[in-house]
Amino acid sequence: MAKRTLPILKHFLTSSSPSPSPSHALTSVRSVTYMPRPGDGTPRAVTLIPGDGIGPLVTGAVEQVMEAMHAPVYFERYDVHGDMKNMPPDVMDSIRKNKVCLKGGLKTPVGGGVSSLNVQLRKELDLYASLVHCFNLKGLPTRHENVDIVVIRENTEGEYSGLEHEVVPGVVESLKVMTKFCSERIAKYAFEYAYLNNRKVVTAVHKANIMKLADGLFLESCREIASKYPGIKYNEIIVDNCCMQLVSKPEQFDVMVTPNLYGNLVANTAAGIAGGTGVMPGGNVGADHAVFEQGASAGNVGNEKILEQKKANPIALFLSSAMMLRHLQFPSFADRLETSVKRVIAEGKYMTKDLGGDCTTQEITDAVIANLD
């Protein structure tokens with residue numbers, strides 16, 4: 001097995017639970033996002049960005065659950081909206097200080113030259129890895145069973161570099177930037193995640209048959225990192241075939257590592273297959289900071305009707321909050337929250353409209369609180 005380059009990760013994995021036997025370690029399915037662990041069990045400040053649309057509704061639900069659990073976190077709330085030109089400096093200072101942020105959706109204007117605050121946040125904090133966990137939940141009927149996919153997406157370059165200009169009137173040039181450094185970094189994250197979580201296969205998604213230099217560099221980097229992890233099977237798949245395989249046989253995939261744009265498409269597709277974007281957790285992580293939010297971006301700001309009726313689905317953000325708690329080294333609180341959410345879904349009594357029910361956000365929140373151990 002490859003030499004561990006991040007010993008603190010292994011320390012966290014073993015220190016978050018009683019010292020396991022080899023058989024226990026192999027059967028553990030605890031989900032982790034790995035980062036240098038900043039906490040020692042003392043209460044932690046978390047920057048909270050409610051965001052736009054349904055964001056304040058679902059982040060408010062998280063606050064209620066955290067209070068009911070007596071979770072050792074407290075929130076520093078900031079009012080940020082997607083139509084702002086830049087992320088306010090005091091918000092960035094808060095995230096840099098706290099190192100962890102929980103956010104609702106920020107609506108990105110289409111066209112008009114306004115840059116995405118989501119992309120700004122990832123670049124400013126170098127949140128180079130987006131992680132979305134797409135899996136079946138008991139009690140939530142789906143077309144496919146045994147779906148358990150982790151999509152790990154490079155977050156800082158590719159088509160999202162924002163390097164666009166008008167060459168002459170009517171002709172626009174958009175640059176796709178790929179670097180060996182960022183490609184190797186995301187590949188290493190994916191393989192290290194697979195190693196720590198007892199995952200068997202890492203699949204690289206690409207379009208190197210057409211973009212031979214850019215995606216070719218990405219594949220070359222993935223292959224180099226894969227050679228250092230002989231215990232993990234490595235596959236490659238072209239992005240168009242990947243989409244077809246996802247909707248026909250998604251259970252074949254385990255961990256998927258992708259460049260920026262493909263990852264956005266693949267993660268939302270996988271989320272839709274596994275039960276919908278309203279139940280899929282995710283986060284954006286870097287070497288020093290982490291921002292947790294709904295895993296798949298589709299529908300994360302909702303629409304006016306859902307907002308008026310207060311029937312937004314908070315499940316995705318509950319599960320993302322559990323990821324955040326585990327990241328902060330509060331695994332018992334994370335387990336309590338995840339277990340409660342899964343009980344509510346399994347019971348099938350409290351569901352929002354996107355899951356086949358007609359419950360309000362508050363009714364779901366009350367049910368999750370009632371099911372807490």
Side-chain angles (χ1 to χ4, degrees), residues 26-33 130-153 190 193-194 196-205 232-258 262-283 294-299 313-320 322-323 326 334-335 337-359 364 367-368 371:
L26 288 174
T27 57
S28 174
V29 292
R30 171 170 288 168
S31 173
V32 299
T33 52
S130 165
L131 187 149
V132 181
H133 190 187
C134 304
F135 56 97
N136 291 125
L137 282 164
K138 183 181 178 182
L140 191 61
T142 58
R143 187 181 297 271
H144 299 278
E145 298 299 326
N146 302 315
V147 177
D148 187 7
I149 303 170
V150 176
V151 182
I152 294 175
R153 161 193 174 196
Y193 180 94
L196 287 173
N197 289 276
N198 194 32
R199 296 275 181 161
K200 305 300 183 184
V201 184
V202 173
T203 302
V205 182
I232 299 172
K233 185 178 179 182
Y234 170 66
N235 293 330
E236 297 172 358
I237 189 168
I238 296 173
V239 64
D240 40 0
N241 182 32
C242 174
C243 293
M244 188 274 288
Q245 295 287 340
L246 265 175
V247 298
S248 59
K249 196 178 177 183
E251 62 274 7
Q252 67 183 291
F253 295 107
D254 191 353
V255 175
M256 306 177 78
V257 59
T258 77
Y262 310 154
N264 193 16
L265 307 178
V266 167
N268 280 274
T269 303
I273 290 165
T277 58
V279 295
M280 298 302 149
Q294 177 177 309
S297 57
N313 189 348
I315 296 297
L317 207 62
F318 285 157
L319 294 174
S320 297
M323 288 175 63
R326 193 163 287 117
D335 290 344
L337 179 51
E338 283 182 351
T339 300
S340 177
V341 168
K342 289 175 180 178
R343 282 176 182 164
V344 171
I345 296 295
E347 185 183 5
K349 183 179 178 182
Y350 297 96
M351 298 280 198
T352 47
K353 190 173 182 180
D354 58 314
L355 303 182
D358 196 41
C359 289
I364 301 289
V368 169
N371 277 275

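Numbering starts at 1 and runs along the sequence shown.
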Using a 6.0 Å cut-off, check whether atom OH of Y234 has over 12 heavy atoms from anything other than its own residue. yes
Counting C-beta onward and ignoring hydrogens, is there a side-chain heavy-atom pair between R153 and N264 closer than 4.5 Å? yes
Side-chain contact, heavy-atom cut-off 4.5 Å: K353 with N313? no
With the side chain counted from C-beta on, respond yes when Y350 and V344 share a heavy-atom pair under 4.5 Å apart, and no when they do not. yes
Taking all heavy atoms of V255 and all of A194, pick out the closest pair and write down the distance. CG2-CB, 4.3 Å
Measuring from atom CG of N268 to atom CD1 of I273, what distance do you get when rounded to the nearest 0.5 angstrom? 11.0 Å
Could you name each residue pair satisfying salt bridge (Lys or Arg N to Asp or Glu O under 4.0 Å) that touches residues 239-257, not counting sequence neighbours? R199-D254, K207-D240
Verify side chain to side chain contact (heavy atoms under 4.5 Å, CB included) between I315 and I364, making sure each step is shown before the conclusion. CA-CA 8 Å; I315 296 297; I364 301 289; 3.9 Å; yes
Provide the closest heavy-atom pair for D354 versus G278 in the form atom of the first, atom of the second, distance. OD2-CA, 4.0 Å
With distance as the sole test, does T203 use its side chain to make a donor-acceptor pair with the main-chain N or O of E236 at under 3.5 Å? no
L140 versus L355: any side-chain heavy-atom pair under 4.5 Å? yes
Separation between SG (C242) and CG (N235), nearest 0.5 Å, reads 11.5 Å
Quick one: closest heavy-atom pair of P250 and I149, and the distance? O-CD1, 3.6 Å
Do N136 and H144 have side-chain atoms, one donor and one acceptor, less than 3.5 Å apart? no
Partners meeting side chain to side chain contact (heavy atoms under 4.5 Å, CB included) with A267 (sequence neighbours left out): V132, V151
Return the SG to OH distance between C243 and Y262, rounded to the nearest 0.5 Å. 10.5 Å
Could you check M351 against I345 for side chain to side chain contact (heavy atoms under 4.5 Å, CB included), going step by step and ending with a plain yes or no? CA-CA 7 Å; M351 298 280 198; I345 296 295; 4.2 Å; yes
To the nearest 0.5 Å, what is the distance between NE2 on H133 and CE on M280? 8.5 Å
Are Q294 and T277 side-chain neighbours, meaning at least one heavy-atom pair lies under 4.5 Å? yes
The criterion is side chain to side chain contact (heavy atoms under 4.5 Å, CB included); which residues satisfy it with A322, sequence neighbours excluded? A334, L337, E338
Before you tell me yes or no, could you show the steps for T258 and I152 under side chain to side chain contact (heavy atoms under 4.5 Å, CB included), namely the whole-Å CA-CA distance, both residues' side-chain angles and the distance that decides it to 0.1 Å? CA-CA 6 Å; T258 77; I152 294 175; over 6 Å; no
Student check: side-chain heavy atoms of P281 and F135 closer than 4.5 Å: yes
Smallest heavy-atom separation, C134 atom then A271 atom, equals SG-N, 3.5 Å
Contact between T142 and V147 at the side-chain level, heavy atoms closer than 4.5 Å - yes or no? no
Shortest non-hydrogen contact from I237 to Q245? CD1-CG, 4.0 Å
Would you say V150 and M256 make side-chain contact, with heavy atoms under 4.5 Å? no
